[in-house]
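Below is one structure; the comments refer to it alone.
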Amino acid sequence: MTTNPTHFHPSSNFLVCIDSDGCAIDTMNIKHIRCFGPCFIQEWELQKWEDALLTRWNEINLYSMTRGINRFKGLALILEEVNLNLTPIMGISDFIHWTNTATELSNQALAAALSSTDSDCMQKALQWSKHVNAHIDLLPDTEKKAFPGVKEVLSSIHGKADIVIVSSANKEAVTEEWTRCGLIEDTDFLCCQDIGSKAHCINTLLKCGYTSDHVLMLGDAPGDFSAADENSVFFYPILVGQESDSWKEFPYAFSLFQQGKYSTYEKSKKEQFFNNLQRSSH
């Protein structure tokens, strides 16, 4: 499997793009609850407000319309709230500006940006992100599994469509998880944060020769829907709390997709997706 866009060549007229965390791999909750949130509290020494801030972290990243947001974007949102309501955050404006203007939001990009600034907030953000990755690496493999049915679905559709992982996570983590879960052999390409946003990744893939009505994006978060919508490709939701059922239904969706009969079905699935996510935030 290649990870270089210039080396990827379609082998099918159809393309299925699949998000990783919270969509194919059941790791989103555990990573945020056990790694992202606690490391945030520790890095900015916010133990005084720990319970409320951890709840808020999970609302932003798991149980609302910002579910699946890039880690640095999510961090900027909560730091802004902390700065306004609880305690000053030194250098926050520099960090927010970077998250709003950078073409790539990754550790490497943040480290490069730090070469021209001494922003305290940006330095802490990089340390936090590195600590998060270290904590994720320590999570037991038994707690980082694919959702039931994913492997069987990928095996059944690979060959009928090209399969590309489209994730905002870091490439190394995604590669390790998909390899360990036995999924990587049924994929053709990997697009992660080092290439760009999910919308940019899909746009890059379309330039390989696919037509938009032959591309389908699977995701669990509004960002996945937006990435599909911006590129006028189809979307299939993996519903929060109903992931296994969503994967069980997907072969039916895929058959409609290949027959050119997906549009009407997609409308009902989009409505179901947003209703479900809005309910999960209450």
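Count residues from 1 along the sequence.
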Classify the side-chain pair S12/D162 by whether it contains a donor and acceptor separated by less than 3.5 Å. no
For residues 199-224, pull every pair meeting ring-ring contact (aromatic ring centres under 6.0 Å, His included), keeping only residues two or more places apart or in separate chains. F14-H214
So which heavy atom on I78 is nearest to which on L53, and how close? CD1-O, 3.7 Å
On the 0 to 90° scale, with breaks at 30° and 60°, tag the F40-W44 ring pair as parallel, tilted or perpendicular. tilted
Using only atom types and a distance under 3.5 Å, with no angle test, would you say the side chain of S116 pairs donor to acceptor with the backbone of A113? yes
So does V240 get a backbone contact from the side chain of N276, meaning a donor-acceptor N/O pair under 3.5 Å? yes
Any side-chain heavy atom of K124 sitting closer than 4.5 Å to one from Q127? no
Main-chain N/O of M28 paired with H32 side-chain donor or acceptor, under 3.5 Å: no
Name the orientation class of the two ring planes belonging to W57 and W128 (parallel below 30°, tilted from 30 to 60°, perpendicular beyond 60°). perpendicular
Looking at F147, is its backbone amide N or carbonyl O close enough to the side chain of D26 to form a donor-acceptor pair, meaning the two atoms are under 3.5 Å apart? no
Result of checking L183, T187, I18 against I165 for side-chain contact (heavy atoms from CB on, under 4.5 Å): T187
Are L62 and F36 joined in one hydrophobic group, where the rule is that I, L, V, M, F, W and Y side chains link up if heavy atoms are under 4.5 Å apart? no
Polar side-chain atom of R34 near backbone of L139 as donor-acceptor pair, under 3.5 Å: no
Within-4.5 Å side-chain heavy-atom neighbours: S168 and K198: yes
Is atom NZ of K270 surrounded by more than 12 heavy atoms (other residues, nucleotides or ligands) closer than 6.0 Å? yes
Is the backbone of D51 close enough, under 3.5 Å, to the side chain of T55 for a donor and an acceptor to pair up by distance? yes
Once you measure the plane-to-plane angle for F257 and F254, does it fall in the parallel (<30°), tilted (30-60°) or perpendicular (>60°) bin? tilted
Please check if the side chain of T66 supplies one atom and the backbone of I69 the other of a donor-acceptor pair under 3.5 Å. no
Is a side-chain donor or acceptor of E249 paired with a backbone partner of W247 at a separation under 3.5 angstrom? no
Centre-to-centre under 6.0 Å for F225 and F274, is that the case here? yes
Could you walk me through whether K269 and E266 satisfy the salt bridge (charged side-chain N to carboxylate O under 4.0 Å, His left out) test, starting with their C-alpha distance in whole Å, then the side-chain angles of each, then the deciding distance to 0.1 Å, before giving a yes or no? CA-CA 5 Å; K269 295 305 292 184; E266 184 191 42; over 6 Å; no
Trace of the side-chain contact (heavy atoms from CB on, under 4.5 Å) decision for T87 with L46: CA-CA 9 Å; T87 187; L46 298 169; 3.9 Å; yes
Using atom types as modelled and distance alone, determine if a side-chain donor or acceptor of D186 lies under 3.5 Å from a backbone N or O of K151. no
Between the side chain of S246 and the main-chain N/O of L239, is any donor-acceptor distance below 3.5 Å? yes
